[in-house]
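The next block holds one structure in the form of structure tokens; read it before the comments.
Bear in mind the structure is a predicted one, so any value in this text is a computation, not a measurement. First listed ligand is number 1; within each ligand, the first listed atom is number 1. One-based numbering along the sequence shown. We use all heavy atoms of the structure for the numbers below, so side chains are in, but hydrogens, waters and symmetry mates are not.
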Amino acid sequence: MNILLHICCGPCTIYPLKVLRSAGHDILGLFYNPNIHPYAEYQRRLDTLKTYAREESLELLIAKGYPVERYFRGVAYKEEDRCGHCYAERLRYAFSEAQERGMDALTTTLLYSRYQKHDLIVAIAESLSAEYGIPFFYHDFREGWQEGIRLSKERAMYRQNYCGCIYSERERFCKD
Ligand code: SF4
């Protein structure tokens, strides 16, 4: 199948890409992540992904602009439950691209991370799949967590130490 792979960052792409290509699928990557703050961090993650994609001959779509307003307007006053909006914002964009490009299915590297709310991602993706008429390709990529980490270290890739938004950065570093 021609599968659109929504990508959150380079290190999280390694294992899913390996699984998908091993199964014979053609993969088109998509980077749309206005949840990554600040911009310098966004750029660093994107640059890391671009290098990886070039080395792996992975075709990559990069969303234009950096619409952080869309992220912040969606989570305002419900910051504690922000991840649902964050997933939906990114996956809606990805499903829309998949529909426009006539892709056979869509999946996301968010399914690789042990730190993400896996079941919530699946529920949102299934709902969007029905809405857009594009099959959601589910695979529990968390099985390759350690392998992905090992391979990203071998490549000396930049590995971020917080999820993405400024709230997750505070949770990671602020001890007050
Ligand atoms: S913690 Fe991560 S998934 Fe949740 S809102 Fe922030 S960037 Fe998005």
Q. Within the side chain of S57, is there an N or O that forms a donor-acceptor pair under 3.5 Å with the backbone of A53?
A. no
Q: Check the side chains of N33 and H6 for a donor-acceptor pair under 3.5 angstrom, ignoring hydrogens and angles.
A: yes
Q: Under 4.0 Å, heavy atoms only, figure out whether ligand 1 is touched by the backbone of Y71, its side chain, both or neither.
A: side chain
Q: State yes or no: are the ring centers of Y15 and H139 separated by less than 6.0 Å?
A: no
Q) Going by the angle between their ring planes, with limits at 30° and 60°, are Y71 and H37 parallel, tilted or perpendicular? A) perpendicular
**Q.** Atoms of protein origin (N, O or S) under 2.8 Å from atom 6 (Fe) of ligand 1
**A.** C165 SG
Q. Checking S152 side chain against G148 main chain: does a donor-acceptor pair fall under 3.5 Å?
A. yes
Q: Report the part of K117 (side chain from C-beta onward, or backbone N, CA, C, O) that has a heavy atom under 4.0 Å from ligand 1; answer both or neither where that applies.
A: neither
Q.
Distance under 4.0 Å to a non-hydrogen atom of Q116: what atoms of ligand 1 satisfy this?
A. 3 (S)
(Q) Distance under 4.0 Å to a non-hydrogen atom of Y87: what atoms of ligand 1 satisfy this? (A) 3 (S)
**Q.** Within 45° cone of Y162 ring axis and under 6.0 Å: R45 NZ or CZ
**A.** yes
Q. Would a 4.5 Å heavy-atom cut-off, applied to side chains only, mark L30 and I7 as touching?
A. no
(Q) Keeping Y167 on the side-chain end and E80 on the backbone end, is there a donor-acceptor pair under 3.5 Å? (A) no
